[in-house]
Asker: 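Submitted below is the structure of interest, expressed as structure tokens.
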Amino acid sequence: MKCKVCPIGCELVISKNHSSPHVYTLEGNSCNRGFEFDIKEMIEPSRILTGRVMLKNGNMKRLPVKTTGVVPKDKVDEIMFILNNTEVSAPIKRGDVIIKNILGLGVDVIAARKVKSNSLT
Ligand code: SF4
């Protein structure tokens, strides 16, 4: 896999130790910064998630949103379902919390941009 921690993108080989199944070895890394992240990414893939929620009273129909931290890959479909069924009303400020602590994962879904209200002059 490719290390995603910095733009260099080292090609990594992560191997499981057969006598100690919870011990991994890493080759191909130019530094140790990516070690923990890359091992975790292999065992339990996670993502900063971006999506859109329905928006009313604004100059667009959908508001771009993102999570404030990584979420497990196996929760992505559930979160996308929630986002697709969430509606907010403008005005919205960039960074406004749209959904607090989604699915109890300890991350929020926040607005990725500012939208003015249509009713404001
Ligand atoms: S191993 Fe280090 S240098 Fe290589 S991509 Fe990851 S963080 Fe960057």
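In listed order, ligands and their atoms are each counted from 1. All figures in this text were calculated on a predicted structure; none of them were measured in a lab. Just so you know, these numbers use all the heavy atoms, side chains as well, and skip hydrogens, waters and symmetry mates. When a residue number appears, it is its place in the shown sequence, counting from 1.
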Asker: Going by the atom numbers of ligand 1, which of them fall below 4.0 Å from some non-hydrogen atom of N29?
Answerer: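 Answer for ligand 1: 1 (S).
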Asker: Does K61 form a side-chain contact (heavy atoms from CB on, under 4.5 Å) with M54? I'd like the steps, not just the answer.
Answerer: CA-CA 6 Å; K61 289 190 180 330; M54 292 176 282; over 6 Å; no
Asker: Would you mind listing which atoms of ligand 1 come within a distance below 4.0 Å of any non-hydrogen atom of G9?
Answerer: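 Here the atoms of ligand 1 in question are 5 (S).
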Asker: Could you measure the distance from the CD1 atom of I8 to the CG atom of N29? Nearest 0.5 Å is fine.
Answerer: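 Rounded to the nearest 0.5 Å, the CD1-CG separation comes out at 11.5 Å.
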Asker: Could you find the nearest protein heavy atom to atom 4 (Fe) of ligand 1 and give me its residue, atom name and distance?
Answerer: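 It is C10 SG, 2.4 Å.
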Asker: Which of the numbered atoms in ligand 1 are under 4.0 angstrom from any heavy atom belonging to S30?
Answerer: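 Near S30, meaning under 4.0 Å from one of its heavy atoms, ligand 1 has 1 (S), 3 (S), 4 (Fe).
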Asker: Looking only at protein heavy atoms, identify the closest one to atom 2 (Fe) of ligand 1 and say how far it is in Å.
Answerer: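 For atom 2 (Fe) of ligand 1, the nearest protein heavy atom comes out as C31 SG, 2.3 Å.
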Asker: For atom 8 (Fe) of ligand 1, which protein heavy atom lies nearest, and how many Å away is it?
Answerer: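 Among all protein heavy atoms, the one nearest atom 8 (Fe) of ligand 1 is C6 SG, 2.3 Å.
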Asker: So does C3 have any N/O/S atom less than 2.8 Å away from atom 6 (Fe) of ligand 1?
Answerer: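 Looking at C3, which is the residue asked about, there is an N, O or S atom under 2.8 Å from atom 6 (Fe) of ligand 1.
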Asker: Working to the nearest 0.5 Å, report the span between OG1 of T86 and CD1 of I102.
Answerer: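 Going from the OG1 atom of T86 to the CD1 atom of I102 covers 7.0 Å.
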Asker: Atom CE in M60, atom CG in N118: separation rounded to 0.5 Å?
Answerer: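 Here the interatomic distance stands at 10.5 Å.
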Asker: Using 0.5 Å steps for rounding, measure from the CG atom of L26 to the CD1 atom of I14.
Answerer: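 One finds 5.5 Å between CG of L26 and CD1 of I14.
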Asker: How many angstroms lie between atom CG of L63 and atom NZ of K114, to the nearest 0.5 angstrom?
Answerer: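 Rounded to the nearest 0.5 Å, the CG-NZ separation comes to 13.5 Å.
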